[in-house]
Amino acid sequence: MTRMKALFSALGVLAGAGLAGLTTAHAAAPGLPASIEKSGTLRICSAVNLPPMEFMNAETRPVGLDIDLGDAIASHLGVKPEWINMPFAGLIPALLASHCDVIMSQLFIKPGRLKVIDEIPYMISHEAVLVKRGKGAVPSLESLSGKKVATVTGTTATVLLKAANKELAGARKKPIDIVMFPENTQALQQLQFGQVAAYGVAYETARYYIHKAPGQFALGGPPYYKIATGIGIRKNEAALHKAVSSALADMMKNGSYAAIFRKWNLGIDMLKPG
């Protein structure tokens with residue numbers, strides 16, 4: 001597992017970053033960028049197709065843990081949230097082009113991303129393998145050798161499955177047949193119809209699907225990977241970085257942060273105040 005360990009080290013679990021400073025805002029918080037103070041709006045880019053983090057409800061309104069958290073942060077800053085829905089791959093380019101002020105879309109904190117943008121840690125995400133109920137356990141990714149496994153293009157699950165294939169190649173075993181899809185819904189359908197043996201996906205999403213369709217799906221095993229997740233922000237936005245960090249720290253202190261995670265049954269993902 002040498003290569004897998006190296007990958008985990010490279011991706012890093014960057015949890016525990018400090019969330020210092022407190023602010024309680026009723027009008028727009030002082031020190032916000034002039035454009036946000038003038039508009040009274042915090043523009044938040046998100047790929048609204050990853051339940052329970054962000055997804056559209058029956059009224060086509062964005063809901064989810066990230067949505068609740070983003071709304072609460074905007075309220076603390078004394079501004080209104082404006083959610084801008086777009087494909088995941090377009091989030092960072094949109095932020096860099098100033099089409100939004102921040103990203104909230106379960107954006108994992110990775111060294112490559114930190115070269116381009118800053119990220120404010122707000123939770124720990126986990127990875128898991130989703131299977132059809134009764135189809136057996138998945139003790140490791142390598143145990144999926146020779147099987148079809150669905151995943152979403154560009155996700156960490158895809159990276160980890162590819163790394164497992166390098167291990168399998170070194171052991172002269174059949175590779176995992178990774179079948180990539182642009183969105184979670186399509187990948188889940190392939191598992192539901194029996195076209196793939198498993199689905200590599202974020203633990204949070206796997207749990208959501210299990211509870212939404214009781215009896216159909218199960219975890220292949222416990223979460224096998226974890227990584228800090230952050231709010232994306234441009235590197236030249238020191239004032240906004242401080243304001244958002246302070247609002248988040250305030251929420252962690254007054255209990256509203258924990259309440260949002262409890263609402264979505266994701267207490268396992270909460271950061272410890274520090």
Counting C-beta onward and ignoring hydrogens, is there a side-chain heavy-atom pair between [X] and [Y] closer than 4.5 Å?
| X | Y | value |
| --- | --- | --- |
| Thr156 | Lys110 | yes |
| Tyr209 | Leu191 | no |
| Ile109 | Arg113 | no |
| Gln189 | Phe181 | no |
| Ile36 | Leu42 | yes |
| Met251 | Ile260 | yes |
| His126 | Arg207 | no |
| Gln216 | Arg133 | no |

Worked check of side chain to side chain contact (heavy atoms under 4.5 Å, CB included) between Val63 and Phe55: CA-CA 6 Å; Val63 294; Phe55 61 105; 3.6 Å; yes

Results of side chain to side chain donor-acceptor pair (under 3.5 Å) for Glu119 - residues two or more places apart only: none

By side chain to side chain donor-acceptor pair (under 3.5 Å) - contacts of Tyr208 (at least two apart): none

What's the spacing between [X] [atom1] and [Y] [atom2] if we round to 0.5 Å?
| X | Y | atom1 | atom2 | result |
| --- | --- | --- | --- | --- |
| His99 | Arg43 | NE2 | CZ | 9.0 Å |
| Glu142 | Leu161 | CD | CG | 9.5 Å |
| Leu50 | Thr185 | CG | OG1 | 9.5 Å |
| Ile73 | Ser246 | CD1 | OG | 11.0 Å |
| Met104 | Leu69 | CE | CG | 4.0 Å |
| Leu65 | Asn265 | CG | CG | 10.5 Å |

Using atom types as modelled and distance alone, determine if a side-chain donor or acceptor of [X] lies under 3.5 Å from a backbone N or O of [Y].
| X | Y | result |
| --- | --- | --- |
| Thr153 | Pro182 | no |
| Asn85 | Val48 | yes |
| Thr205 | Pro51 | yes |

Of all residues at least two apart in sequence or in a different chain, which pass the salt bridge (Lys or Arg N to Asp or Glu O under 4.0 Å) check with [X]?
| X | result |
| --- | --- |
| Lys235 | Asp118 |
| Lys263 | Asp68 |
| Asp71 | none |

Test log, rule side chain to side chain contact (heavy atoms under 4.5 Å, CB included), inputs Met252 and Met270: CA-CA 10 Å; Met252 292 179 77; Met270 288 194 301; over 6 Å; no

Where is the tightest heavy-atom contact between [X] and [Y], given as atom of each residue plus distance?
| X | Y | result |
| --- | --- | --- |
| Arg234 | Cys100 | NH1-O, 2.8 Å |
| Ser143 | Val138 | OG-CG1, 3.5 Å |
| Leu141 | Val129 | CD2-CG2, 3.8 Å |
| Pro62 | Ile67 | O-CG2, 3.5 Å |
| Glu127 | Ala157 | OE1-CB, 3.4 Å |
| Ala228 | Ile124 | CA-CD1, 3.9 Å |

Evaluation steps, side-chain hydrogen bond (donor to acceptor under 3.5 Å, both in side chains), between Tyr203 and Asp269: CA-CA 10 Å; Tyr203 164 77; Asp269 289 341; over 6 Å; no

Side chain to side chain contact (heavy atoms under 4.5 Å, CB included) evaluation trace for Leu188 with Phe217: CA-CA 10 Å; Leu188 183 71; Phe217 306 111; 3.8 Å; yes

Polar side chain donor-acceptor pair, Glu82 to Thr41, under 3.5 angstrom: no

Modelled atom types, side-chain donor and acceptor of Asn184 and Tyr199, under 3.5 Å: yes

Pair Ile178-Thr151, side chain to side chain contact (heavy atoms under 4.5 Å, CB included): steps then yes or no: CA-CA 7 Å; Ile178 304 171; Thr151 187; 3.5 Å; yes

For Leu107, the rest of its hydrophobic cluster, which grows through side-chain links under 4.5 angstrom: Ile84, Met86, Phe88, Leu91, Ile92, Leu95, Leu96, Ile103, Val116, Ile117

Within 6.0 Å of NZ in Lys132, more than 12 heavy atoms from elsewhere: yes

